[in-house]
2 protein chains.
Amino acid sequence: MAEKKSDRTRAAILAAARERFGADGYERATIRAIAADAAIDPAMVMRYYGSKEKLFAAAAEFDIRLPDFGDVPLESLGEALARHFLERWEADDSLRVLLRTAVTNEVAVERMRSIFAAQLAPTLRVQAVDQPDVRAGLVASQVLGFALCRYILGFPPIATMPDDEVVAWLGPTLARYLTSPAPTLNQA
Amino acid sequence: MAEKKSDRTRAAILAAARERFGADGYERATIRAIAADAAIDPAMVMRYYGSKEKLFAAAAEFDIRLPDFGDVPLESLGEALARHFLERWEADDSLRVLLRTAVTNEVAVERMRSIFAAQLAPTLRVQAVDQPDVRAGLVASQVLGFALCRYILGFPPIATMPDDEVVAWLGPTLARYLTSPAPTLNQA
DNA sequence: AGCATATGCCAACACCTGTTGACTTTTGCC
DNA sequence: GGCAAAAGTCAACAGGTGTTGGCATATGCT
């Protein structure tokens, strides 16, 4: 092991950064505050991560690989997705960081998009649904909207809803976005 | 008319503030930039609105009164809501301001909540649905999530979707949130 | 006209931001 | 023990922020 002490502070910085970015958003999370949380000097943050942008990029980097839904029957995929996202969202604050910062930071937007457009859509393609991009977008709109109300805005009935009830409400919505035939429009 | 010139610059400031807050969010929208857009001195902003917080409060203030849905049959209320919110969202950038700033500004959160919790929920109570707060929250989650993807994040298939298609997709979802019996949970 | 008042501009303030360089301490190897 | 490199500390920088007070200009009333 070539280095040990440095790795520990590197990790401390990253953990503090995740928390601050997630709680305050990109602009209000200052390097000084992050350094104070990690109990080190602000200059260390620069030495290890180069800049605030790069620190954020590192803090927003984590494996967001969706499990393989290729063999889940399409009818129960909605519920499976709802449960998976809920668990993923409560496991740590990685997704919260992304959602809170995506509003003002392009990097976060792109990373968020890569979850839904670049991961969910292909999964749907395997299931041979039509318009996989549209359906993935609709799923994203409901999942992100619910997360927004629950974790960021803290809307009372949504924020305190038990997990099972969340799945029971959202599951059918997602299922419909995945399975329902695309709407036919009468006129423009 | 006691004053004329001042009212015009007051309005110019407010318009520029709405645009900047909506485009950049609360922290990144600077008073100097707003003043530059309105082609006046930053000091004028302070003279007329007192502080950045108060300017924002003024910029985020507008009538968001929902039309009276008391007589709309519950089955078509979902579609009516979808269409109303979509129109309201595209009419001006008031709601965009609120959504973008709500992530970091408590005032915006409270104002957003007042739309759904304090206006939509009572409307539902008139229709005698059970759990009106939960249902209003669910509607909020889908409406805000879609707006987030369409106007803030700019997710490709959602951002470019024709209005009628939006209503066709979202209407049934909202309708289900309003009419479907509350899910019964087997166990905790 | 003259004058009070409203309106606007300018320069500066105190503070906070990300970032940098020089300096000191600790670590690990010979 | 001695020494080079790593790890950490400190103070300062340059620039941007909200905010303020003083000074000039324009306006409208009598």
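Naming: A, B, ... by sequence-line order, numbering from 1 per chain.
Spacing between atom CG of B:Asp7 and atom P of C:dA6 amounts to 13 Å, rounded to whole angstrom units. Here C:dT7 presents its C1' atom at 7 Å from CZ of B:Arg47, a figure rounded to the nearest Å. Between the CD1 atom of A:Ile13 and the C1' atom of C:dT19 there is a distance of 15 Å, rounded to whole Å. Taking atom CE of B:Met46 as the reference point, atom C1' of D:dT17 lies 11 Å away to the nearest angstrom. Between B:Phe56 atom CZ and D:dG18 atom C1' the separation is 16 Å, expressed in whole Å. Atom-to-atom, CD of A:Glu53 to C1' of C:dG18 comes out at 12 Å; the value is rounded to the nearest Å. Protein atom NZ of B:Lys52 is 12 Å distant from nucleotide atom C1' of D:dG16, rounded to whole Å. Put simply, CZ on B:Arg8 is 13 Å from C1' on D:dA26, counting in whole angstrom units.
Heavy-atom distances under 4.0 Å link DNA chain D to A:Arg32, A:Asp41, A:Ala43, A:Met44 of residues 21-44 of chain A, given in residue order.
Take B:Ala182 and apply the side chain to side chain contact (heavy atoms under 4.5 Å, CB included) test, not counting sequence neighbours, and it matches A:Trp169, B:Asp130, B:Gln131, B:Arg135. Take B:Glu53 and apply the side chain to side chain contact (heavy atoms under 4.5 Å, CB included) test, not counting sequence neighbours, and it matches B:Tyr26, B:Ser51, B:Asn105, B:Val107. Residues forming a side-chain hydrogen bond (donor to acceptor under 3.5 Å, both in side chains) with A:Tyr151 (at least two apart in sequence, or on another chain): A:Glu90.
Contacts classified as salt bridge (charged side-chain N to carboxylate O under 4.0 Å, His left out) and involving residues 67-84 of chain A (residues at least two apart or in different chains) are given here: A:Arg83-A:Asp164. Within the structure, salt bridge (charged side-chain N to carboxylate O under 4.0 Å, His left out) contacts touching residues 106-128 of chain A (residues at least two apart or in different chains) are A:Glu110-A:Arg113, A:Arg125-A:Asp133.
Taking 4.0 angstrom as the limit, B:Thr9 places a side-chain polar atom (N or O) nearer than this to OP1 or OP2 of C:dG8.
Between the side chains of B:Arg28 and A:Thr104, no donor-acceptor pair of N or O atoms lies under 3.5 Å.
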